[in-house]
Protein chains: 2
Amino acid sequence: MFKEIEQKKIYLQILEQIKDNIIEGNLKSGDRLPSERQWAEQLGVSRATIREAIRALEMIGLVRCQQGEGNFIAVDYEDTLTQPLTIMFWLSKAKISQIQELRRALETESAKLAAKHMTPERYEKIEKICQAIETETDESIRAELDKRFHYEIAMASENIMIKNVLLSSASLIEALIKDIRIAILDDPHRGPLIDQQHHIILQAFQSHDPLKAAMAMSQHMDLIDDFVSRLEPDD
Amino acid sequence: MFKEIEQKKIYLQILEQIKDNIIEGNLKSGDRLPSERQWAEQLGVSRATIREAIRALEMIGLVRCQQGEGNFIAVDYEDTLTQPLTIMFWLSKAKISQIQELRRALETESAKLAAKHMTPERYEKIEKICQAIETETDESIRAELDKRFHYEIAMASENIMIKNVLLSSASLIEALIKDIRIAILDDPHRGPLIDQQHHIILQAFQSHDPLKAAMAMSQHMDLIDDFVSRLEPDD
DNA sequence: TATTGGTCAGTGGTCTGACCACCAACCTGT
DNA sequence: ACAGGTTGGTGGTCAGACCACTGACCAATA
């Protein structure tokens, strides 16, 4: 299952091996890796080296480390970009509005693709979420449902790359503005507006109209834009 | 009643410190980090631990390691996402067309923002590149110029997050289809078409018309879409 | 019987000290 | 002045040790 190590950046070789093993199907999400001691012996390297490799893999969200239990392949790769994206945000001294613009680009494309590939099952699922949002009165639950609304659209886009980048940037925004959804949803003037926008998006999905979906989602994003811009005035 | 006791992993604490130091301006691109031994002593941890932190930082492109010389803060953070994006691509078994869709979303938004923020200096720069593309006959140089064309637009968008995600996905596509630009440009029917599209984009920039820029760029992307779809037929 | 609490083996987290490979800057002899 | 070797500092790797945590097993207790 694991080959002997040659020379070069050892931790990169281990990464390659894991990658290959996953692609070949020998390793899958949630699988446990060999224990560090055992693995080190198998590969003929020291435990310290194995650990450096694991650390690198953990950083990009590919491996989850649990003391006393073991190291595991991440259950999904949705968080692979979150950490790097967060770092990039801080180091490049970007503004929140810039992530928001990134998210806008992805949400609109996501909606466009979702409309293109929408299935009755998925549509029903999303429709139910919308209905739940309308009838729900607890703002924090409404916020959670709104999140799921966007998540399901991302799934429906059938594009895992866009989905993951989108989810990462969305969670970064959330981390920066914890209660953005609540704050937006809480505005009594906005509640109905949001529901209306959701409906337009739904209609676009139902009629498989990518352009309409993209435009509707873009307008939906305007709400968040507005909130961000007030939170973070232009320099 | 009792608060949870939580000991963050040391390597994450070190990451935090580096992040803070960069934000505060104590550390900047290209700066050299303390030697591992010295640093370990300063922080009161072992060298192995320091190395695990460095390995994690190297993985996301934040640190460059040079044996016999030292460890350095990366000169730019443009590659922070390239590695994770590549890993994600392989592990999620995505198709090239999906990255292309990701790129399309970013290129169009990038063009839109560029039109919004275009300055005479930047316009002139991009215009010169376009002229160079038209007069150049060597296909590989044309390809290189085309790359710069997109790069400058990304810069002009004045959105570092979009720029970096875009460049990462573009370089991932390039790695997967090495000669895509040449292959596309090489088609005698396409050469004039590309030049024409570039001009439309330029016009949109000049008139600060974001929507027109986005649409023109989207059409420009169709060319690559077309190429990818022929290279990678639908399942 | 059901629950508590201890033991124990296995795991990741960290530390220590050592050796190797590499690089740059400093000699040194010509 | 210069080519070539020496030397000290750096990252790369290794071996072995101890700690903290986990889960499973099991005995003592209510």
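Every value quoted in this text rests on a predicted model; they were computed, and no experiment measured them. A note on names: the letters A, B, ... follow the listed sequences, proteins ahead of strands, and every chain is numbered from 1.
Rounding to whole angstrom units, CZ of residue Arg51(A) and P of dA15(D) are separated by 16 Å. Here dG10(C) presents its P atom at 12 Å from CZ of Arg32(A), a figure rounded to the nearest Å. Ile14(A) has its CD1 atom 12 Å from the C1' atom of dT13(D), to the nearest Å. One atom, CD of Glu69(B), and another, P of dG12(D), lie 11 Å apart when rounded to the nearest Å. Between the CD atom of Glu41(B) and the P atom of dT10(D) there is a distance of 12 Å, rounded to whole Å.
Annotation: proximity of residues 55-64 of chain A to DNA chain D (heavy atom, distance under 4.0 Å) is found for no residue.
Projected onto DNA chain D by closest heavy-atom contact, Glu52(A) and Gln66(A) fall at different nucleotides, the more 5' of which corresponds to Glu52(A).
With sequence neighbours left out, Lys93(B) forms a salt bridge (Lys or Arg N to Asp or Glu O under 4.0 Å) with no residue at all. Under the side chain to side chain contact (heavy atoms under 4.5 Å, CB included) criterion, Glu121(B) pairs with Thr119(B), sequence neighbours left out. Every residue two or more places apart in sequence or in another chain that forms a salt bridge (Lys or Arg N to Asp or Glu O under 4.0 Å) with Lys125(B) is listed here: Glu152(B). Residues meeting the side chain to side chain contact (heavy atoms under 4.5 Å, CB included) test with Thr80(A), sequence neighbours left out: Ile60(A), Tyr77(A), Pro84(B), Met88(B). For Phe149(A), the ring-ring contact (aromatic ring centres under 6.0 Å, His included) partners two or more places apart in sequence, or in a different chain, are His198(A). Among residues two or more places apart in sequence or in another chain, the side chain to side chain contact (heavy atoms under 4.5 Å, CB included) test is passed with Ser110(A) by Ile153(A), Ala154(A), Ser157(A), Ile162(A), Leu166(A). Applying the side chain to side chain contact (heavy atoms under 4.5 Å, CB included) test to Ser97(B) and every residue at least two apart in sequence or in another chain returns Lys95(B), Val228(B), Glu232(B). Taking the salt bridge (Lys or Arg N to Asp or Glu O under 4.0 Å) definition, one finds that Glu69(A) meets it with nothing, sequence neighbours left out. A search for salt bridge (Lys or Arg N to Asp or Glu O under 4.0 Å) contacts involving Glu158(A) returns Arg122(A), not counting sequence neighbours.
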Please write out each protein N/O paired with an N/O of nucleotides 3-6 of chain D under 3.5 Å, distance rounded to 0.1 Å.
none

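Between Glu58(B) and Arg64(B) no salt bridge is recorded (no basic side-chain N to carboxylate O distance below 4.0 Å).
Here the closest non-hydrogen pair linking Glu101(A) and Asn159(B) is OE1-ND2, 2.6 Å.
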#### Entry: Reading 5' to 3' through nucleotides 15-20 of chain C, protein heavy-atom contacts under 4.0 Å coded B for base, S for sugar-phosphate only, - for none
BB-BB-

